[in-house]
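Predicted model, so just to flag it, every value in this text is computed and none were measured.
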Amino acid sequence: MNWDYFLELGQNRSQQERLEAPAGLAAGRVDALTIKFCRGNREDARREYMDFAAGQYRLCECVTETFPRFDQLASSNWLAFEVEFELLTPWYSRDDRVFHVLDNPVRKDRVFGVPFMAASSWKGMLRWACRMQAGLRAHLESGKPFREWKDPAWILHLFGNVKGEEEFHRGALVFYPTWFDRIGFAVINPHSRERRAGTQPIYYEVVPPGAKGTLHLLYAPWPGMQPAADPKEFMPHLLQAIETLLTEYGISAKRTVGWGTAKITRWKAFRRGATPVEADSRDELCEQIQNWLRGGNVT
């Protein structure tokens, strides 16, 4: 008896299934071109895919319906933010598809078929930016290893601690994915140090400069949350970390080559029982939020 179904199919061609190219799914065209690529028509499949992927992606209603409704917050102790931005350099995060016609496809949602930045990626990058605000750079430059770094109470309050520790605490921040409506292509051409000429161009599928996105962020603490922190004290640090992450560090997987930087076009903040505020600058928004916090006990 053979317990491996796919091994048995490989050994018995007469039992192999004949599957039609997928149709009717958001990723069906990509799957069909991948099948064509695997059958040997590689250049044709790549060219057809690049023609298909380039240009505008329309965000369907199924995608826009996933956007959070911050005008209906459950508690007056919660704060929500929308940070609208426009990419200045390409954004890239590798897709998790096993087979693809390109070597470096950009990450896309398998249901909707549009590029997106996962909520978990936002959390990891923003935690790192907050650590830099709290002095991580000076800690590392002094020669101390990262394992000796201890997050201050306000970072633990916002992000929680690392899973696996004896006492795990969930953070007060809730993150949401960011969707993009455009795909383009970029080339990295490594140069030989001896000949000072390009060796083998590396093609990347990216979200190109000019594409717009929105960071959705919810601050939702609960009564008796530990560790506790005062929003009036850490909120300026959080907003500064968001601005620095987007405008200086970048949010792309290729940050070391300058990818993923953006300009912030609009700040928005929401609180139950208060009129939402919009601002062109971080300082202006921070002042409005501090007025909220001084006028009511948000903890």
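Counting heavy atoms from C-beta on, the side chains of T34 and R97 come closer than 4.5 Å. I35 is not listed as a side-chain neighbour of F99, based on a closest heavy-atom distance of 4.5 Å or more. A heavy-atom distance below 4.5 Å is not found between the side chains of W222 and W78. No side-chain heavy atom of P209 sits less than 4.5 Å from a side-chain heavy atom of L88.
Closest non-hydrogen pair, E284 versus E278, comes out as OE2-O, 4.2 Å. Here the closest heavy-atom approach between residue A80 and residue L218 is recorded as CB-CD1, 4.0 Å. What you find for A241 and A129 is that their closest heavy atoms are O-CB, 3.8 Å. Of all heavy-atom pairs spanning A269 and W292, the tightest one is O-CH2, 3.6 Å. The two residues V207 and L87 come nearest to each other via the heavy atoms CG1-CD1, 3.6 Å. In terms of heavy-atom proximity, K108 sits nearest to G113 at CD-O, 4.0 Å.
To the nearest 0.5 angstrom, L158 atom CG is 7.0 Å from M235 atom CE. Once rounded to the nearest 0.5 Å, the distance linking CG of L238 with CD1 of I289 reads 8.5 Å. For the atom pair CG of D95 and CG of L102, the computed distance is 10.0 Å after rounding to the nearest 0.5 Å.
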Assess whether side-chain contact (heavy atoms from CB on, under 4.5 Å) is satisfied between E82 and R266, documenting all intermediate values.
CA-CA 8 Å; E82 290 182 359; R266 178 67 67 178; over 6 Å; no
Go through the steps to decide whether I242 and L217 satisfy the test side-chain contact (heavy atoms from CB on, under 4.5 Å), and finish with yes or no.
CA-CA 10 Å; I242 293 174; L217 187 63; 3.9 Å; yes
Give the intermediate values and the outcome of ring pair (Phe, Tyr, Trp, His ring centres under 6.0 Å) for residues F180 and W91.
CA-CA 10 Å; F180 298 104; W91 179 86; 5.1 Å; yes
Could you go through the side-chain contact (heavy atoms from CB on, under 4.5 Å) check for W128 and Y249 one step at a time?
CA-CA 10 Å; W128 174 77; Y249 298 144; 3.3 Å; yes
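A side-chain donor-acceptor contact under 3.5 Å links R272 to the backbone of A74. Using a distance-only test at 3.5 Å, with no hydrogens or angles considered, no donor-acceptor pair links the side chain of S121 to the main chain of M117. Between the H139 side chain and the P145 main chain, a donor and an acceptor come within less than 3.5 Å of each other. D109 contributes a side-chain N or O that, together with a main-chain N or O of F112, makes up a donor-acceptor pair within less than 3.5 Å.
Contacts of R131 classified as side-chain contact (heavy atoms from CB on, under 4.5 Å), with partners at least two apart in sequence or in another chain: R127, L136, F146, W149, D151, I155. For the side-chain contact (heavy atoms from CB on, under 4.5 Å) test, residues two or more places apart in sequence or in another chain that qualify with R94 are Y92, N104, P105.
Each of K268, K263, K212 was compared with E84 under the salt bridge (Lys or Arg N to Asp or Glu O under 4.0 Å) criterion, and only K268 meets it. Remark: of the listed residues L215, V83, I251, T261, I251 is the sole one forming a side-chain contact (heavy atoms from CB on, under 4.5 Å) with L245.
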Show me the side-chain donor-acceptor pairs of residues 169-179 shorter than 3.5 Å, one per line, residues at least two apart or across chains.
| from | atom 1 | to | atom 2 | distance (Å) |
| --- | --- | --- | --- | --- |
| T178 | OG1 | W122 | NE1 | 2.8 |
| T178 | OG1 | T214 | O | 2.8 |

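Classification of the F70-F270 ring pair by plane angle, with boundaries at 30° and 60°, yields tilted.
Under the 6.0 Å cut-off for aromatic ring centres, H216 and F81 do not qualify, their centroids lying 6.0 Å or more apart.
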